Number of protein chains: 2
Amino acid sequence: MINNTSPLDRMFQALADGHRRQMIDRLAAGPLTVSDLALPMGISLPAVMQHLSVLEACGLVQSHKQGRVRTCALTADALAQAEAWISARRMMVEARLTRLEQFLATDKEDGA
Amino acid sequence: MINNTSPLDRMFQALADGHRRQMIDRLAAGPLTVSDLALPMGISLPAVMQHLSVLEACGLVQSHKQGRVRTCALTADALAQAEAWISARRMMVEARLTRLEQFLATDKEDGA
DNA sequence: TGATTACTTAAGGGAATGATTAACAATACC
DNA sequence: GGTATTGTTAATCATTCCCTTAAGTAATCA
């Protein structure tokens with residue numbers, strides 16, 4: 001695809017990695033420094049930095065540096081956008097299935 | 001990463017492509033054959049097949065073949081799982097931010 | 001000032017992704 | 001039967017992804 005970097009592409013791509021979801025999980029409980037974030041992950045610090053930049057690029061995480069320490073925090077809005085996209089489609093499917101069930105139930109009554 | 005194919009990996013990876021989201025969008029309105037699905041997409045049929053197999057592998061889409069025509073339909077459950085993962089984290093962040101705001105408001109009162 | 005800490009940048013490599021074309025079923029139609 | 005339709009498989013290719021090590025920068029500490 002040409003230029004496949006819409007905001008939703010970046011968002012879901014960011015969520016499609018276990019290490020990044022692990023980072024999100026830990027940040028959901030509160031802000032952390034890069035080192036603290038990296039500590040239990042079993043990968044190198046540069047790898048964590050790369051994941052972090054992916055998470056920041058799509059707005060899931062914001063960070064600021066004070067002295068030599070960078071603190072990272074999860075953003076609610078970006079998560080909400082991804083959730084909203086999925087939710088809208090899920091509700092469409094469910095509504096359609098519900099209508100189908102109702103139709104089948106009515107059909108059964110008529111047939112019986 | 002070693003073996004990075006958890007169900008959530010596959011799910012979000014599937015959602016991280018504009019063509020696949022386009023397919024999901026159209027299937028949300030109702031089932032479609034492979035050809036109908038491919039028609040407005042501007043990519044080759046084999047490419048559509050590959051996207052379809054990604055969507056089926058993570059449970060987002062189910063399909064069945066009758067004669068020479070394969071019909072594809074969106075699944076509500078898989079979407080719900082992805083939504084639930086995001087939702088839980090979003091609510092954690094929002095709850096924490098709300099507590100923080102309340103604390104700051106209380107602090108302001110005490111200080112004033 | 002020199003060492004340590006905390007992060008950052010650069011370079012590179014192996015695997016996965018998303019696309020293509022060509023060829024191959026299998027079914028439906030005349 | 002012969003042919004068009006619908007889907008599938010195979011092979012290939014360029015790009016992207018995720019990781020690593022090595023080296024560099026900036027802030028804090030003794």
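Since the model is a prediction, treat every value here as computed from it, not as a measurement. Numbered from 1 within each chain, the chains take letters A, B, ... in sequence-line order.
Between A:F12 and B:F12, the two ring planes are parallel [angle under 30°; tilted spans 30° to 60°].
Nucleotide C:dA10 holds its P atom 12 Å from the CE atom of A:M49, rounded to whole Å. Rounded to whole Å, the distance from CG on A:L15 to C1' on D:dC17 is 16 Å. In this entry the distance linking CE of B:M23 with P of C:dG18 reads 12 Å, nearest Å. If you take CD of A:Q22 and C1' of D:dC18, they are 15 Å apart, rounded to a whole angstrom. We find that CZ of B:R70 is positioned 13 Å from C1' of C:dA25, with the value rounded to whole Å. D:dT16 atom P lies 15 Å from atom CZ of A:R20, rounded to whole Å. The CZ atom of B:F12 sits 19 Å away from the C1' atom of D:dC18 (whole-angstrom rounding). In this structure, A:D9 atom CG and C:dG18 atom C1' are separated by 12 Å, rounded to whole Å.
For the contact set between residues 50-69 of chain B and DNA chain C, defined by any heavy atom under 4.0 Å, the members are B:Q50, B:H51, B:G67, B:R68. DNA chain C lies under 4.0 Å from at least one heavy atom of each of the following residues of residues 40-47 of chain B: B:I43, B:S44, B:P46, B:A47.
The list of salt bridge (charged side-chain N to carboxylate O under 4.0 Å, His left out) pairs with a residue in residues 21-33 of chain A, not counting sequence neighbours, reads A:R21-B:D9, A:D25-B:R89. Annotation: salt bridge (charged side-chain N to carboxylate O under 4.0 Å, His left out) contacts involving residues 65-85 of chain A, sequence neighbours excluded, comprise A:E83-B:R90.
Taking every side-chain heavy atom of A:Q13 into account, D:dC18 is the closest of D:dT8, C:dA19, D:dC18.
A:R96 CZ to B:L27 CG: the interatomic distance, rounded to the nearest 0.5 Å, is 8.0 Å. A distance of 5.0 Å separates CG of A:L52 from CE of A:M23, quoted to the nearest 0.5 Å.
Other residues, nucleotides and ligands contribute over 12 non-hydrogen atoms within 6.0 Å of the CD atom of B:E94.
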Only pairs under 3.5 Å count here: list side-chain donor-acceptor contacts from residues 36-46 of chain B, not counting sequence neighbours, and write none if there are none.
unit_1: B:D36; atom_1: OD2; unit_2: B:T33; atom_2: OG1; d: 3.3
unit_1: B:S44; atom_1: OG; unit_2: B:A47; atom_2: N; d: 3.4

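Not a single donor-acceptor pair under 3.5 Å links the side chain of B:R10 to the backbone N or O of B:C58.
Listed by chain and residue number, A:S63 satisfy the side chain to side chain donor-acceptor pair (under 3.5 Å) test with A:E56 (two or more places apart in sequence, or in another chain).
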